[in-house]
Amino acid sequence: MKREAYISGIGMSEVGVRLTRAPLALTVDAIREAVADAGLTLAQIDGVSTYPGKMSMFLGFSPIGVDEVIETCGLKTRWHTGAAESTAQLGAIADAAAAVRSGLARHVICFRTVYEAAALARPDEYPPMNRRDGVTGNSQWVSPFGAFSAACWTAQFATRHMKRYGMTREQLAQVALNDHRNAALNPRAIVKEPLTLEKYMAARLISTPFCLYDCDRFTDASTVVIVSAGDAIDEVKATPIRIAASAGSVERYSWDQAEWASAYPTGRDLWRNTDYKPKDVDTVQFYDGFAFQPITWLEGLGFCAVGEGGQFLEGGTRIALDGELPMNTGGGQLGWGRLHGFGFAYESVVQLRGAGGARQIKGDPKVAVATSGGGPMAAALLLARD
Amino acid sequence: MTWQRSRVRLDDDNRAFWTGGREGKLYIHKCGDCGGFTHPPRAICRHCQSENIGPHAVAGAGVIDTYTINHQKWAPDMEVPFVIARVRLDDAPDVFLTTNIVNCQVEAVDIDDRVQVVFEEQEGLWYPLFEKARGQ
Ligand SMILES: [Zn+2]
């Protein structure tokens, strides 16, 4: 019999911009909430997984590592990982699922803590990444040409999609419009108001075709999901959500050498790893650090043909809360905040439990897809309520 | 664009790429065994894992695979807007270079435009930029 892995609990800290509480405190807030949500205690936690792990050269991006969490929470762990080179953000959750399926742990805290807005305001404590001097690694191939941001890298894929397949800015705008509409119904989201197409089209450009509303903004928050083993699920009080499948892949490990985003091979692989089909999916939570990325996931996962992602978004009705494929129901990263991948797993669980309140999708949703990553990084989770 | 470009730390893999412009040459790593190109440059061919690999001067001609017009000042001294493009080299299959398209209006740039390398020197580094090929 196949061993199963479940998301048994979810938690989140305050989500804000330029928060002053320490990132470790935010992390512990989210852990406490998730553990309580699952009906567990810290004494039952025996694993920890995070993406990417503490990054001393880029502290705002990832200020908290596994060892601090183990130490602070007094955990007795048997397995842990910091998944910096795993398959994008949600790879940390897929890795935890593999660990509990193989008996290496029973209940794993998976966390992602971001502190980029606070870091920007306090550069002495949290120095920004150096993109000007002694540049090495992948940064050396882009930064000397002013392409400091993933916005510039992703924008080039979007430009090509527009020129080759005819995607319009009005179609692309539907990602931000949908995100803002849903975020306004989510009390934890940073964005409080819907966005109009007029305001979108009038916004200043960042890197064409992206305007301000197409790019997520630095956020301070911690998001946690607890992954539990099937043979430990009796200890869990909340409705468990099964991790039915996962996938992650890389085309070329470089933002500027891959022909297309790794969302395409990852989407293909997700369906190879399960008997579920795209038509079984009730809601999708697609990584949207930049508005073009959900289009690569719509196409990569086969919800539409390659090149038809823009048309799929036309008018926004198909991805709306009452549409055929409700997308980013909690507001995505453009509306909720740059939770950096983990928000999509969190929101999938909310929807599959029917706990979305004003943003809850109709019917009896049983299957969700959560994705993370852009460019060469990609991970996808297929989540199901049995 | 006269901003101070990011200074790259030179090593054995990347030195030819970032200094080849001094001789007017654009160097891309090529394998002496299988003939394949490896970019970013590494000590081992990514096609056949041979160590018989080193910098090879390519013609510096190519086409714009895709681009973006960047409007955001990511650094205070950047002059915007400017074009960031991904150039596909004619004679180095599967190699793309992120670069700037210079010496034309930003609106004049399009996918499939033919381009030719030009070098901009700053403090001993020779940045391979591209301009639209003559006759366009
Ligand atoms: Zn070779």
Side-chain angles (χ1 to χ4, degrees), chain A residues 120 128-167 203-212 214-215 217 250-261 290 292 375-376, chain B residues 1 3-11 13-14 17-18 37-42 46 64-88 94-102 106-107 109-112 120 122-123 125-130:
Chain A
L120 210 58
M129 182 125 129
N130 174 15
R131 298 191 187 277
R132 303 301 295 269
D133 290 298
V135 175
T136 61
N138 280 332
S139 180
Q140 73 175 296
W141 308 110
V142 289
S143 295
F145 308 101
F148 281 24
S149 167
C152 308
W153 317 336
T154 310
Q156 295 179 80
F157 287 111
T159 300
R160 197 171 56 179
H161 207 282
M162 289 177 138
K163 299 273 182 179
R164 189 178 289 179
Y165 302 118
M167 180 178 70
R204 70 185 173 86
L205 292 168
I206 300 295
S207 193
T208 60
F210 296 155
C211 70
L212 190 64
D214 292 314
C215 308
R217 278 179 277 182
V250 58
E251 255 199 307
R252 296 282 313 278
Y253 204 84
S254 165
W255 275 85
D256 68 349
Q257 298 303 310
E259 176 67 18
W260 281 106
F290 302 104
F292 178 64
Chain B
M1 204 164 56
W3 70 294
Q4 170 61 61
R5 294 181 182 274
S6 303
R7 282 178 287 261
V8 172
R9 183 185 300 163
L10 295 181
D11 57 35
D13 290 339
N14 70 13
F17 182 90
W18 290 113
F37 289 86
T38 293
H39 186 81
R42 292 195 173 89
R46 76 177 185 92
I64 294 177
D65 178 66
T66 184
Y67 70 96
T68 179
I69 303 172
N70 179 69
H71 292 261
Q72 177 75 20
K73 285 172 114 145
W74 304 106
D77 57 335
M78 275 185 189
E79 291 171 19
V80 293
F82 59 89
V83 175
I84 298 165
R86 179 166 120 138
V87 167
R88 183 192 298 270
D94 298 327
V95 171
F96 297 99
L97 298 183
T98 296
T99 186
N100 300 126
I101 306 301
V102 296
V106 296
E107 297 82 10
V109 170
D110 204 353
I111 285 174
D112 292 337
E120 180 180 305
Q122 287 187 9
E123 298 178 25
L125 295 177
W126 296 73
Y127 297 89
L129 313 180
F130 284 76

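In what follows, every heavy atom counts, from backbone to side chain, and hydrogens, waters and symmetry copies are set aside. Each chain gets a letter, A, B and so on, in the order its sequence line appears, and its residues count up from 1. Note that this is a predicted model, so its numbers are computed, not measured.
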> For the side chain of A:Thr136 and the backbone of B:Arg9, is there at least one donor-acceptor N/O pair under 3.5 Å apart?
Replying inline: no
> Of the non-hydrogen atoms in B:Asp94 and A:Gln257, which two are nearest, and what is the gap between them?
Replying inline: O-OE1, 3.7 Å
> Does a donor on one side chain sit under 3.5 Å from an acceptor on the other, for A:Ser207 and B:Thr68?
Replying inline: yes
> Does some side-chain heavy atom of B:Gln72 sit less than 4.5 Å from a side-chain heavy atom of A:Arg204?
Replying inline: yes
>> At a heavy-atom distance under 4.5 Å, which candidate from B:Ile111, B:Thr98, B:Thr99, B:Asn14 has the highest pair count against chain A?
In response: B:Thr98
> Between B:His39 and A:Arg252, what is the shortest heavy-atom contact and its length?
Replying inline: O-NH2, 3.1 Å
> Can the ring centres of A:Trp141 and B:Phe96 be said to be less than 6.0 Å apart?
Replying inline: no
>> Heavy-atom pairs under 4.5 Å with chain A: which of B:Asp65, B:Asp11, B:Asp13, B:Leu129 has the most?
In response: B:Asp65
> Would you find a donor on one side and an acceptor on the other, under 3.5 Å apart, between the side chain of B:Ser6 and the backbone of A:Arg131?
Replying inline: yes
>> Looking at every heavy atom in both A:Pro144 and B:Trp3, which two are closest together, and how far apart are they?
In response: O-CZ2, 3.7 Å
> Any idea which heavy atoms bring B:Trp74 and A:Ser149 closest together, and the distance?
Replying inline: CH2-CB, 3.4 Å
> Tell me, side chain or backbone of B:Ile84 under 4.5 Å from chain A's heavy atoms, or both, or neither?
Replying inline: both
> Would one find more than 12 heavy atoms of other residues, nucleotides or ligands at under 6.0 Å from atom CZ of A:Arg217?
Replying inline: no
> For the residue pair B:Arg86 and A:Asp256, what are the closest heavy atoms and their distance?
Replying inline: NH1-O, 3.2 Å
> For A:Arg164, is it the side chain, the backbone, both, or neither that has a heavy atom closer than 4.5 Å to a heavy atom of chain B?
Replying inline: neither
> Shortest non-hydrogen contact from A:Leu205 to B:His71?
Replying inline: O-CB, 3.3 Å
